[in-house]
Number of protein chains: 2
Amino acid sequence: MLLEERLNEILCILEQKRTVTVQELTEILNASESTIRRDLTVLHRKGLLVKVHGGATVIGINYSTKDDDVATRQDLNRDEKIHIARYAAELVQANDFVYIDAGTTTELLIDFLTEKKAIFVTNGINHAKKLVQRGFTCYLLGGELKLSTEAVIGSEAIFNLQKYNFTKGFWGTNGVSLQRGFSTPDINEAMTKKESMKQTKEHYILCDSSKFNQISPVSFALFTEATIITTNVQDEQYKKLKNVKEV
Amino acid sequence: MLLEERLNEILCILEQKRTVTVQELTEILNASESTIRRDLTVLHRKGLLVKVHGGATVIGINYSTKDDDVATRQDLNRDEKIHIARYAAELVQANDFVYIDAGTTTELLIDFLTEKKAIFVTNGINHAKKLVQRGFTCYLLGGELKLSTEAVIGSEAIFNLQKYNFTKGFWGTNGVSLQRGFSTPDINEAMTKKESMKQTKEHYILCDSSKFNQISPVSFALFTEATIITTNVQDEQYKKLKNVKEV
DNA sequence: TCAAATTTGCTCAAATTAAATCACAAAAAT
DNA sequence: ATTTTTGTGATTTAATTTGAGCAAATTTGA
């Protein structure tokens, strides 16, 4: 295994797990402790991760005692999100033309994609970068870039969407409700989601359990218009619905 | 097997696998280690892959252990580039509609921009991010994202360019020559530069002194078609020309 | 707080890989 | 026909990477 390959792997693993121990890495990568330590040192020096006693964490994670609750909570949903993302990734098949909406949940999806014959379009610049780095063919949607979400949204984005005919698409959401469907706080974001869904045949909403019965200011689709991929559904009334896929 | 054929094959294999070892290539291509090594060196020099210990990786995944060299190289002409970028930034006025081409020299330009009333379009995703973070209105060009340059290039990018009418535009270049004009190694990149220049009224090429009398494989503009912003010109024959602005 | 357990950074030797050199054959130019 | 150029493979030498061992530093648990 190439040194670079290993470094890359470490970053991928870290991206998913947020933290990793030296021990885990020696097993996964089949290398000695010395090697892993050296690798971590290199990546640490390059500012691509943070070395901590016993392993490494992604940059920016804050494990101070006060934030313990927040960190734990984030990690909790993270496992859910990984589950959801992994399942969703399997839905992508050869020759699919896939739209991936900007957002943290859909970003995870990219880590689990395997079908190199599919073509992807996204409005998230980080998503695009990640897709290309993983070797997928990826088109970036043109239009105005908004800082808050690092996504391309707005009227030009909507215009540019109109030429595409996607076979499948994946979206995140801030709220899910039977009455109000899927909703998000920003109107431009909502309009972009709406237009991209219009151009897509099969709609998948990735959504962890915390989003159910939440309503954000602007709705972008009816509840029945998409298949919801989720996990750990609490509310019984959602369990029975055929467009709710619990994984 | 022909040399060209082998080089091509290596690039194809790399495109799929992202990384490859010398050992693997000797087996797949049925050639000796020496040959494979030579091939990799050629492709590395051409900038089509990155040689690493034990094999090669695609461009863009750069976790190379010796970033010292890269950092040094980038810093080499940094003072020159800063000079050039600062001057170029002053050219942008209120109500300008500005195109900024992807590339390291143009990225520096963004740091010195002040005119918030101008609107920017770029094909570089890092450029776009930086612009938005600095509070400018920025549109990202739609199209296929290439890993090597982190830029949007190709036919769709060219199509999307056609609707714009820029007042000013800034480009980088790999080579400047009186006979061959401005040139760059990649054809898609060249075509995108060419099209964006077509849609722009005033053309500025940012270029440090090392680029003079260099010729890259594909030309994207005649020498007379743009104003060159540069510094420290060695060659006397360029000094007199009125479209060479030495700062 | 202190001792035990774990983790770290270091050196060194072994293994692997890179680069340089030489030899040879085929193709191209003279 | 002969010289030059180009491509290939083998060999040797230099450089890099790797894994193990060990003392020092850190963390853990009583």
Side-chain angles (χ1 to χ4, degrees), chain A residues 1-14 17-59 61-69 71-72 75, chain B residues 1-14 17-59 61-73 217:
Chain A
M1 182 178 231
L2 248 48
L3 168 63
E4 276 69 16
E5 223 174 330
R6 220 176 36 234
L7 297 180
N8 203 25
E9 266 298 309
I10 291 175
L11 290 177
C12 283
I13 290 165
L14 204 57
K17 293 176 50 83
R18 311 315 275 174
T19 64
V20 73
T21 65
V22 172
Q23 195 51 39
E24 284 173 326
L25 289 174
T26 57
E27 285 165 21
I28 298 173
L29 301 172
N30 225 41
S32 74
E33 267 187 36
S34 305
T35 305
I36 296 298
R37 290 226 164 74
R38 261 186 293 253
D39 289 349
L40 292 182
T41 305
V42 168
L43 293 170
H44 179 86
R45 290 221 181 100
K46 290 202 113 193
L48 296 170
L49 52 70
V50 179
K51 261 182 81 171
V52 296
H53 196 91
T57 75
V58 288
I59 295 167
I61 213 161
N62 192 347
Y63 275 116
S64 78
T65 33
K66 300 182 215 166
D67 289 354
D68 241 320
D69 296 304
T72 315
D75 269 347
Chain B
M1 180 177 237
L2 250 51
L3 168 62
E4 294 298 324
E5 215 177 322
R6 218 176 37 236
L7 295 182
N8 218 33
E9 263 299 306
I10 291 176
L11 289 177
C12 283
I13 290 165
L14 202 57
K17 290 176 50 80
R18 311 269 92 190
T19 62
V20 73
T21 64
V22 171
Q23 195 51 40
E24 286 172 328
L25 288 174
T26 57
E27 286 165 21
I28 298 172
L29 301 172
N30 225 43
S32 75
E33 260 189 39
S34 305
T35 305
I36 297 298
R37 290 229 163 73
R38 262 186 292 254
D39 290 349
L40 292 183
T41 305
V42 168
L43 294 170
H44 178 87
R45 292 229 176 95
K46 282 195 175 178
L48 298 171
L49 53 70
V50 178
K51 262 182 79 171
V52 297
H53 194 94
T57 74
V58 287
I59 297 169
I61 321 178
N62 189 3
Y63 302 118
S64 136
T65 34
K66 35 194 167 186
D67 58 346
D68 286 0
D69 296 301
V70 181
T72 316
R73 222 183 310 144

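Since this is a predicted model, take the numbers as computed values, not measurements. Proteins get letters first, then strands, A, B, ... in listed order; numbering begins at 1 in each.
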Close side-chain approach of [X] and [Y], heavy atoms under 4.5 Å:
X: B:Q23; Y: B:T26; answer: yes
X: A:R38; Y: A:V42; answer: no
X: A:T35; Y: A:R6; answer: yes

>> Tell me the closest heavy-atom pair linking A:A56 and A:L40, and the distance in Å.
In response: CB-CD2, 4.0 Å
> What pair of heavy atoms forms the shortest contact from B:G55 to A:L2, and how long is it?
Replying inline: N-CD1, 4.1 Å
> Considering heavy-atom distances to DNA chain C, does A:V22 or B:G55 have its closest nucleotide positioned more toward the 5' end?
Replying inline: A:V22
> On DNA chain C, nearest-nucleotide positions of A:G54 versus A:R38: which is more 5'?
Replying inline: A:G54
Respond yes when some side-chain nitrogen or oxygen of [X] is under 4.0 Å from OP1 or OP2 of [N], and no when none is.
X: A:S34; N: D:dG19; result: no
X: B:T35; N: D:dG9; result: yes
X: B:K51; N: C:dA19; result: yes

Rounded to whole angstrom units, what separation is found between the [atom1] atom of [X] and the [atom2] atom of [N]?
X: B:L3; N: C:dA27; atom1: CG; atom2: P; value: 14 Å
X: A:L7; N: D:dT17; atom1: CG; atom2: C1'; value: 12 Å
X: B:H44; N: C:dA18; atom1: NE2; atom2: C1'; value: 13 Å
X: B:D39; N: D:dT8; atom1: CG; atom2: P; value: 7 Å
X: A:E5; N: C:dT16; atom1: CD; atom2: P; value: 17 Å
X: B:I36; N: D:dG7; atom1: CD1; atom2: C1'; value: 13 Å
X: B:L2; N: D:dG7; atom1: CG; atom2: P; value: 10 Å
X: A:E24; N: C:dT7; atom1: CD; atom2: P; value: 12 Å

>> Ignoring hydrogens and geometry beyond distance, is the side chain of A:R37 in donor-acceptor contact with the base of D:dG19 at under 3.5 Å?
In response: no
>> Any donor-acceptor pair, under 3.5 Å, between the side chain of B:R6 and the base of D:dG7, if you only look at N and O atoms?
In response: no
>> Let's test this: given Watson-Crick or G-U wobble pairing with both distances under 3.5 Å, identify the partner of C:dA14.
In response: D:dT17
> When we call it a touch if two heavy atoms are under 4.0 Å apart, what does B:E33 touch: a base, just sugar-phosphate, or nothing?
Replying inline: nothing
>> Applying a 4.0 Å non-hydrogen cut-off, can you work out what A:V52 is touching in the nucleic acid: base, sugar-phosphate, or nothing?
In response: sugar-phosphate
> On DNA chain D, nearest-nucleotide positions of A:H53 versus A:M1: which is more 5'?
Replying inline: A:M1
> Closest to the B:S32 side chain: D:dA10, C:dT7, D:dT18?
Replying inline: D:dA10
